[in-house]
Amino acid sequence: MEVIAAKSAGFCFGVARAVRMAEELAASAQCPRMLGDLIHNRRETERLAALGLTVIASPEEAEAGDAVLLRAHGVGREVYEALAVRGAQVLDATCPKVRRVQRLVREAQAEGRQSVMIGDPAHSEVRGVGGWCHNLLVFSGPEEALSWAENAENAINLPITVVSQTTLRREIWESSLKILKKQCTNVKIFDTICDATHTRQSEAAQIAATVDAMVVVGDPKSANTKHLTEICRSRCPRVFQVEDAGGVPDLTGCARVGLTAGASTPASIIKEVIKTMSEEKIQGEGMENFAEMVEQYTQTLNTGDKVTGVVTAITPTEVHVDLGCKQAGYIPVDQLTDDPTVKPEDVVKVGDEVELFVIRVNDVEGYATLSKKKVDANKAWEVIEAACESKDVLEGIVTEENKGGVVVSVNGARVFVPASQSGLPRDAAMTELVKQRVKLRITEVNRARRRVVGSIKVVQQETRAAAAAEVWANIEVGKRYTGTVKSMTSYGVFVDIGGVDGMVHISDLSWSRIKHPSEAVSIGETLEVYVISFDADKRKISLGVKDRDTNPWQVFMDTYQVGDTAKVRIVKLMTFGAFAEVVPGVDGLIHISQIADRRIEKPGDVLSEGEIVEAKITAVDEEKKKISLSMRALLAPAPAEADEE
């Protein structure tokens, strides 16, 4: 007898996750409770009850402080509210796929749309989804969908959002959609059939079409198992649905037998069925085949194993992995990478083949907790040790501030960088580096103690030294650089032009007259500068910022001539008059006698610094670049004063 076993038989990820949560709850909580059956499998529910998980039928049975686990099929909003009123702690084992359906109908209601679900109205998943919106319409198939569309008032124009039960048969979904799309004009469709369900059903259909008999293992209450049986019966003349090994049929006379199992069927029951079939029911040819199957199902992973798996799904909290065996694998998001700045989908993609480290195994229920970052960290040791020997520069993300420094994640390995080697000023906070990508050199490796020390400062110094050498090798008077203002004094600013600091004197910051550099620039500002002079021996560079191509005197000469009136800004008051800026970088003198049409004691009696006034250009000395201005010339003098003058 040839036996063909479905690779996807047994626990799906959502069920495995719920069982894992139940076991953890039983081990940690004083009064662990389950609200109803966690999954649709009687034997599994009994096993969990034996671990101390008490089953309660309603939220009213919960007491303040109880830890209550919600089933994988999900519940309505009212259950959460009732448990909150009772003061119970809620642990949500709802399958992420089901939670998405709940979110979709909730959003549909907020948008004013009617939610429609294709599925079994009596199924607990469907009833739970109904608790997240008002008046959920549930159609078991295309006939009910057609009846509603033809008889409901204004169904053709009603805005509807259509979702499916996650374990629905795809042909029912597609035929129902065909009706709704034809009968309604405002339809939003979300295909929420679980990928694992579709894979399981497709695989069962393919096997059933090629065998003489098909065995489906699962609880009679399981919708997933029920649908598998229906699919198999449509393609195979002899289909047997069994709950456990006690229901294994007599398969005498069958040349080929297929085997699959529902998503709520634990690996332990599948093993029992295979063992019973191989030892008691199958005779003659085929014994070796079944022995291989038993080996496949009974083979377990061990903590510490290295495995290779394929990513099948990604959620915000976990990554699902197909390990090619009966254990369902998942990677908690904190075991994916040490980099807190990235999302799971930035690290892996569905279909990626990844190497993983097994950190926990529940072989009885068929799931394994995996770590990618541990594998990455082990690989990183080789890279780090080589980099320490070769003095190579590595890159990493600063993940945390630690006592006396920071921790940098380099390819998954933790590298400690002391504060003195962080590259920050002595009084700076180490938190400035957290989440930053940095370059560092490994200075110490102790694999036995799992200790790695690195230096960011060394790399910064070397980078700056290399940049400085490049500057001094190519510097010349007039050459332009883009620099950053590093510090400031009363007489100028120091600008980093790439590993070398040069000074811009206050007089070279602007054509305009300024009293302090802060009037023109600020620390950290980027400046375009040019070299005025330099001394390579003394390592000094004089820089300028004023645009040499824009000569302010020429601008003045091109704009004004003697006799013109200009708006000028008073920049300095003297005893003999006031200096006023005509154009940026060019000042003229208003003699005290030309400020007013009367005699004044001092310019400050009439003017103040910063004031804008109108003045007439009365004289220009091009050779000495001097300008005479007059405010009085623009005033109409009194006759007597004019004669006296």
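As a basis for the values below, the full set of heavy atoms in this structure was taken, side chains included, without hydrogen atoms, waters or symmetry mates.
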Q) Going from CG on L146 to CD1 on I179, what distance comes out if it is rounded to the nearest 0.5 angstrom? A) 5.0 Å
Q) Does the distance from a Lys or Arg side-chain N to an Asp or Glu carboxylate O, for R43 and E272, drop under 4.0 Å? A) yes
Q: Return the set of residues passing side-chain contact (heavy atoms from CB on, under 4.5 Å) with A208 (not counting sequence neighbours), or none when no residue passes.
A: M214, C232, R235, C236
Q) Hey, does I331 have a side-chain heavy atom less than 4.5 Å from the side chain of V321? A) yes
(Q) In the structure I gave you, are the side-chain heavy atoms of V257 and V211 within less than 4.5 Å of one another anywhere? (A) no
Q) What residues, two or more places apart in sequence or in another chain, satisfy side chain to side chain donor-acceptor pair (under 3.5 Å) together with D66? A) R33
Q) Would you find a donor on one side and an acceptor on the other, under 3.5 Å apart, between the side chain of Q183 and the backbone of A155? A) no
Q.
Run the side-chain contact (heavy atoms from CB on, under 4.5 Å) test on F190 and V162 for me, step by step, so that the C-alpha distance in whole Å, both residues' side-chain angles and the decisive distance to 0.1 Å come before the verdict.
A. CA-CA 6 Å; F190 295 93; V162 187; over 6 Å; no
(Q) Could you measure the distance from the OG1 atom of T94 to the CZ atom of R100? Nearest 0.5 Å is fine. (A) 15.5 Å
Q. Are any non-hydrogen side-chain atoms of K181 and I189 less than 4.5 angstrom apart?
A. yes
Q) Okay, side chain of N302, backbone of D305: is any donor-acceptor separation there less than 3.5 Å? A) no
Q. Where the side chain of S222 meets the backbone of G218, is there a donor-acceptor pair that is under 3.5 Å apart?
A. no
Q) Would you say the side-chain atoms of K373 pair up with the backbone N or O of D334, donor to acceptor, closer than 3.5 Å? A) yes
Q) What is the distance from atom CH2 of W148 to atom CG of L180, rounded to the nearest 0.5 Å? A) 7.0 Å
Q) How far apart are the closest heavy atoms of R42 and D244, and which atoms are they? A) NH2-OD2, 4.2 Å
(Q) Are V348 and V319 packed together at the side-chain level, in the sense that at least one heavy-atom pair is separated by less than 4.5 angstrom? (A) yes
Q | Heavy-atom donor-acceptor pair, T192 side chain to S164 backbone, under 3.5 Å | A | yes
Q) Do any N or O atoms from the side chain of T229 and from the backbone of T225 form a donor-acceptor pair under 3.5 angstrom? A) yes
Q.
Quick one about D250 and T252 (side-chain donor to acceptor, distance below 3.5 Å, no hydrogens or angles considered), yes or no?
A. yes
(Q) Under a 3.5 Å distance rule, please check whether Q165 uses its side chain to pair with a backbone N or O of D120 as donor and acceptor. (A) yes
Q. Do any pairs count as a ring-ring contact (aromatic ring centres under 6.0 Å, His included) and have a residue in residues 215-237, sequence neighbours left out, and if so which ones?
A. none
(Q) Applying salt bridge (charged side-chain N to carboxylate O under 4.0 Å, His left out), can you list everything that pairs with K188, at least two apart in sequence or on another chain? (A) E111
(Q) Can a donor-acceptor pair be found, under 3.5 Å and without considering hydrogens, that links the side chain of S176 to the backbone of I172? (A) yes
Q. For E318, which residues count as a salt bridge (charged side-chain N to carboxylate O under 4.0 Å, His left out) partner, sequence neighbours excluded?
A. R17, R20
(Q) Ignoring hydrogens, what is the shortest heavy-atom contact between L228 and A204? Give both atom names and the distance. (A) CD2-CB, 3.8 Å
Q.
Pair R414, E400 - check side-chain contact (heavy atoms from CB on, under 4.5 Å), show working.
A. CA-CA 10 Å; R414 291 166 58 88; E400 61 183 276; 3.0 Å; yes
(Q) Quick check: closest heavy atoms across A261 and I270, and the distance to 0.1 Å? (A) CB-CD1, 3.7 Å
Q.
Under the criterion side-chain contact (heavy atoms from CB on, under 4.5 Å), I'd like the reasoning laid out for R450 against W381: C-alpha separation, chi angles, the key distance, then a yes or no.
A. CA-CA 9 Å; R450 309 290 291 180; W381 274 104; 3.1 Å; yes
Q | salt bridge (Lys or Arg N to Asp or Glu O under 4.0 Å): pairs with one or both residues in residues 219-232, sequence neighbours excluded | A | D37-K221, R169-E230
Q) About how many Å separate CG of L136 and CD of Q109, when rounded to the nearest 0.5 Å? A) 10.5 Å
Q: Measure the shortest side-chain to side-chain distance between N135 and L137 over non-hydrogen atoms and say whether it is less than 4.5 angstrom.
A: yes
Q: Drop me the distance from E144's CD to I118's CD1, to the nearest 0.5 angstrom.
A: 9.0 Å
Q. What pairs with N186 under side chain to side chain donor-acceptor pair (under 3.5 Å), at least two apart in sequence or on another chain?
A. R113
(Q) Just to verify, what does S202 make a side-chain contact (heavy atoms from CB on, under 4.5 Å) with, not counting sequence neighbours? (A) H198
Q | Minimum heavy-atom distance between G119 and L168, given as atom pair plus value | A | CA-CD1, 4.1 Å
Q) What pairs of residues pass the salt bridge (Lys or Arg N to Asp or Glu O under 4.0 Å) test when at least one of them lies in residues 346-357, not counting sequence neighbours? A) E355-K379
Table please: side-chain donor-acceptor pairs of residues 49-62 below 3.5 Å, with sequence neighbours left out.
{"unit_1": "S58", "atom_1": "OG", "unit_2": "E60", "atom_2": "OE1", "d": "3.3"}
{"unit_1": "E61", "atom_1": "OE2", "unit_2": "A57", "atom_2": "N", "d": "3.2"}

Q. Looking at residues at least two apart in the chain, or sitting in another chain, which of them share a salt bridge (charged side-chain N to carboxylate O under 4.0 Å, His left out) with K372?
A. D376
(Q) Any heavy-atom pair between the side chains of I193 and W173 that's under 4.5 Å? (A) yes
Q. Taking all atoms of both residues into account, what is the closest heavy-atom pair of A6 and T260, and its distance?
A. CB-OG1, 3.7 Å
Q.
Working note: R47 + E23, criterion salt bridge (charged side-chain N to carboxylate O under 4.0 Å, His left out); need CA distance, chi angles, decisive distance, verdict.
A. CA-CA 10 Å; R47 186 186 72 84; E23 292 173 338; 2.9 Å; yes
Q. Under 3.5 Å, is there a donor-acceptor pair between the side chain of N224 and the main chain of A263?
A. yes
Q.
Taking side-chain hydrogen bond (donor to acceptor under 3.5 Å, both in side chains) as the cut-off, I'd like each qualifying pair that reaches into residues 69-87, sequence neighbours left out, listed once.
A. Y80-D92
Q: Working to the nearest 0.5 Å, report the span between CD1 of I4 and CD of Q206.
A: 11.0 Å
Q: Check whether any side-chain heavy atom of D191 sits under 4.5 Å from a side-chain heavy atom of R170, and report yes or no.
A: yes
Q. Are any side-chain N or O atoms of R256 and backbone N or O atoms of T210, one a donor and one an acceptor, separated by less than 3.5 Å?
A. yes
Q | Heavy-atom side-chain contact between S124 and H40 under 4.5 Å | A | yes
Q) Looking only at heavy atoms, which two atoms of P237 and D212 are closest? And how far apart? A) CG-O, 4.1 Å
(Q) Whether K178 and E174 form a salt bridge (side-chain N of Lys/Arg under 4.0 Å from carboxylate O of Asp/Glu) is what I want to check. (A) no
